[in-house]
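Data first, discussion second: the structure below is written as structure tokens.
So you know, we letter chains A, B, ... as the sequences are listed, proteins then strands, and number each from 1. All values derive from a computational prediction rather than experimental measurement.
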2 protein chains.
Amino acid sequence: MTRLPLSNSPAREAIADRLNRWSSAPFDASKCPVRDVLDHLGDKWTTLILMTLAEQPRRFSQVQRRVPDISKRMLTQTLRQLERDGLAFREVFPTKPPSVEYQLSPLGESLLGPLSQLVDWAEAAHDNIRQARSAFDASN
Amino acid sequence: MTRLPLSNSPAREAIADRLNRWSSAPFDASKCPVRDVLDHLGDKWTTLILMTLAEQPRRFSQVQRRVPDISKRMLTQTLRQLERDGLAFREVFPTKPPSVEYQLSPLGESLLGPLSQLVDWAEAAHDNIRQARSAFDASN
DNA sequence: CGGTATCCCGAGGGATACTG
DNA sequence: CAGTATCCCTCGGGATACCG
């Protein structure tokens with residue numbers, strides 16, 4: 001059977017090029033940005049925390065109030081990740097009791113553009129995806 | 001102390017608006033596209049599989065050869081997710097033995113743009129992040 | 001070839017209690 | 001206020017073997 005030629009969108013080519021580039025070298029996980037960088041975005045709370053810090057710099061408990069379901073444990077852990085990756089700054093004020101403020105770094109802000117695009121897509125595609133799931137589950 | 005005003009980039013505002021919109025309703029996980037849609041992108045293999053299918057339609061074992069580390073089990077599972085979400089089509093050809101081809105749906109292709117942006121960012125930010133990690137770990 | 005079916009382990013992450 | 005310290009349990013995902 002004959003097959004329709006692929007639409008050659010720029011995005012498709014960009015993606016394909018990148019995969020080729022990665023594959024040309026023997027695959028080294030430590031060299032793969034997707035694994036090394038984007039994995040954290042898949043963590044349960046990272047994106048939400050990034051979004052709250054995108055609104056404005058916030059103190060620990062302010063973030064927690066903005067994302068009510070998170071535990072202190074996971075909030076600390078997620079913020080530490082962001083700080084370690086240089087996406088957010090942590091500043092301690094010597095008040096009593098101490099207050100700590102978190103804010104996005106320039107690098108963290110530079111992520112907001114791409115992230116916003118992806119979230120836009122997620123919202124736009126949400127209905128389609130839910131319908132597709134229903135149809136798939138119905139036909140088992 | 002006084003604090004610098006925030007740069008009000010479009011992305012920042014878009015992100016902040018969206019978070020506000022989500023928060024206005026009592027948070028319903030089933031209504032949250034980030035949780036419902038983007039979670040799968042955080043799965044270990046989803047993005048890589050999407051990229052291989054972005055190159056061209058492929059048969060099961062072709063995908064596996066392109067992503068050598070994946071097991072048949074996880075490949076099946078990931079492809080099923082994509083199919084269920086309507087991001088990819090699965091077509092069975094009645095050859096002997098049977099051959100099955102997967103290709104991105106239009107919806108799946110529409111994800112390539114945003115995804116490409118994010119991967120661009122990941123590659124561009126990779127060095128910065130690695131340096132930030134080293135510095136953070138050094139100062140313990 | 002293109003999958004399922006099991007078994008199993010380690011990490012992600014929740015609950016709770018304690019601390020400087 | 002802003003965390004640590006434990007305990008515990010689910011579940012993502014690897015290894016292996018089998019099937020139409």
- Task: Send over the distance from Leu79(A) CG to dA2(D) P, rounded to a whole Å.
- Result: 11 Å
- Message: Strictly below 4.0 Å: does Arg59(A) bring a side-chain N or O up to OP1 or OP2 of dA2(D)?
- Response: yes
- Message: Both Asp43(B) and Ser99(A) contact DNA chain D. Which one's nearest nucleotide lies toward the 5' end?
- Response: Ser99(A)
Side-chain donor/acceptor pairs under 3.5 Å, residues 70-79 of chain B, sequence neighbours excluded:
{"residue": "Ser71(B)", "atom": "OG", "partner": "Met74(B)", "partner atom": "N", "Å": "3.2"}
{"residue": "Thr76(B)", "atom": "OG1", "partner": "Lys72(B)", "partner atom": "O", "Å": "2.9"}
{"residue": "Thr78(B)", "atom": "OG1", "partner": "Met74(B)", "partner atom": "O", "Å": "2.7"}

- Task: Classify the nucleic acid contact of Lys96(B) as base, sugar-phosphate or nothing, counting any heavy atom under 4.0 Å across all strands shown.
- Result: nothing
- Query: Rounding to a whole Å, what distance do you find between Trp45(B):CH2 and dG12(D):C1'?
  - Reply: 13 Å
- Query: Can you name the residues that form a salt bridge (charged side-chain N to carboxylate O under 4.0 Å, His left out) with Asp137(A), not counting sequence neighbours?
  - Reply: Arg84(B)
- d(Phe93(B) CZ, Arg59(B) CZ) to nearest 0.5 Å is 9.0 Å
- Item | Closest-nucleotide ordering on DNA chain C, the 5'-leading residue of Gln62(B) and Lys44(A) | Gln62(B)
- Query: Taking both distances under 3.5 Å as the test for a Watson-Crick or G-U pair, what stems of at least three pairs does DNA chain D have?
  - Reply: C:1-20 with D:1-20
- Can you name the salt bridge (charged side-chain N to carboxylate O under 4.0 Å, His left out) partners of Arg18(B), sequence neighbours left out? Asp120(A), Glu123(A)
- Query: Taking 4.0 angstrom as the limit, do Arg58(B) and Glu101(B) come out as a salt bridge?
  - Reply: no
- Between P of dT4(D) and CD of Gln64(A), the distance in whole Å: 13 Å
- Message: In this structure, how many angstroms lie between the P atom of dA2(D) and the CD1 atom of Ile70(A), rounded?
- Response: 14 Å
- Check: Gln103(B) and Gln56(B) side chains under 4.5 Å, non-hydrogen atoms: no
- Message: So, using side-chain hydrogen bond (donor to acceptor under 3.5 Å, both in side chains) as the criterion, who are the partners of Gln81(A) when residues are at least two apart?
- Response: His40(A)
- Task: Could you tell me the separation between the CZ atom of Arg73(A) and the C1' atom of dC1(D), rounded to a whole number of Å?
- Result: 20 Å
- Note on the structure: Judged by nearest nucleotide, the residue sitting upstream toward the 5' end of DNA chain C, Ser71(A) or Tyr102(B), is Tyr102(B)
- Counterpart residues, side-chain hydrogen bond (donor to acceptor under 3.5 Å, both in side chains), relative to Trp121(A) (two or more places apart): Ser110(B)
- Item | Pair of N/O donor and acceptor under 3.5 Å linking dG3(D) base with Lys72(A) side chain | yes
- Item | Residue-phosphate contact under 4.0 Å: Arg58(A) side-chain N/O, dC1(D) OP1/OP2 | no
- Task: Quickly work out the Asp39(A) CG to dG12(D) P distance and round it to whole Å.
- Result: 15 Å
- Query: Who passes side-chain contact (heavy atoms from CB on, under 4.5 Å) against Asp17(B), sequence neighbours left out?
  - Reply: none
- Item | Interface limits on DNA chain C, where chain B has a heavy atom under 4.0 Å of a nucleotide atom | dC1(C) to dT6(C)
- Atom-pair distance (CD on Gln77(B); P on dG13(D)), nearest Å: 7 Å
- salt bridge (charged side-chain N to carboxylate O under 4.0 Å, His left out) partners of Arg133(B), counting only residues at least two apart: Asp36(A), Asp85(A)
- Message: Distance check needed: dA2(D) P versus Ile49(A) CD1, whole Å only.
- Response: 14 Å
- Message: Looking at dA2(D), I'd like to know if its phosphate oxygens (OP1 or OP2) sit under 4.0 Å from a side-chain N or O belonging to Arg80(A).
- Response: no
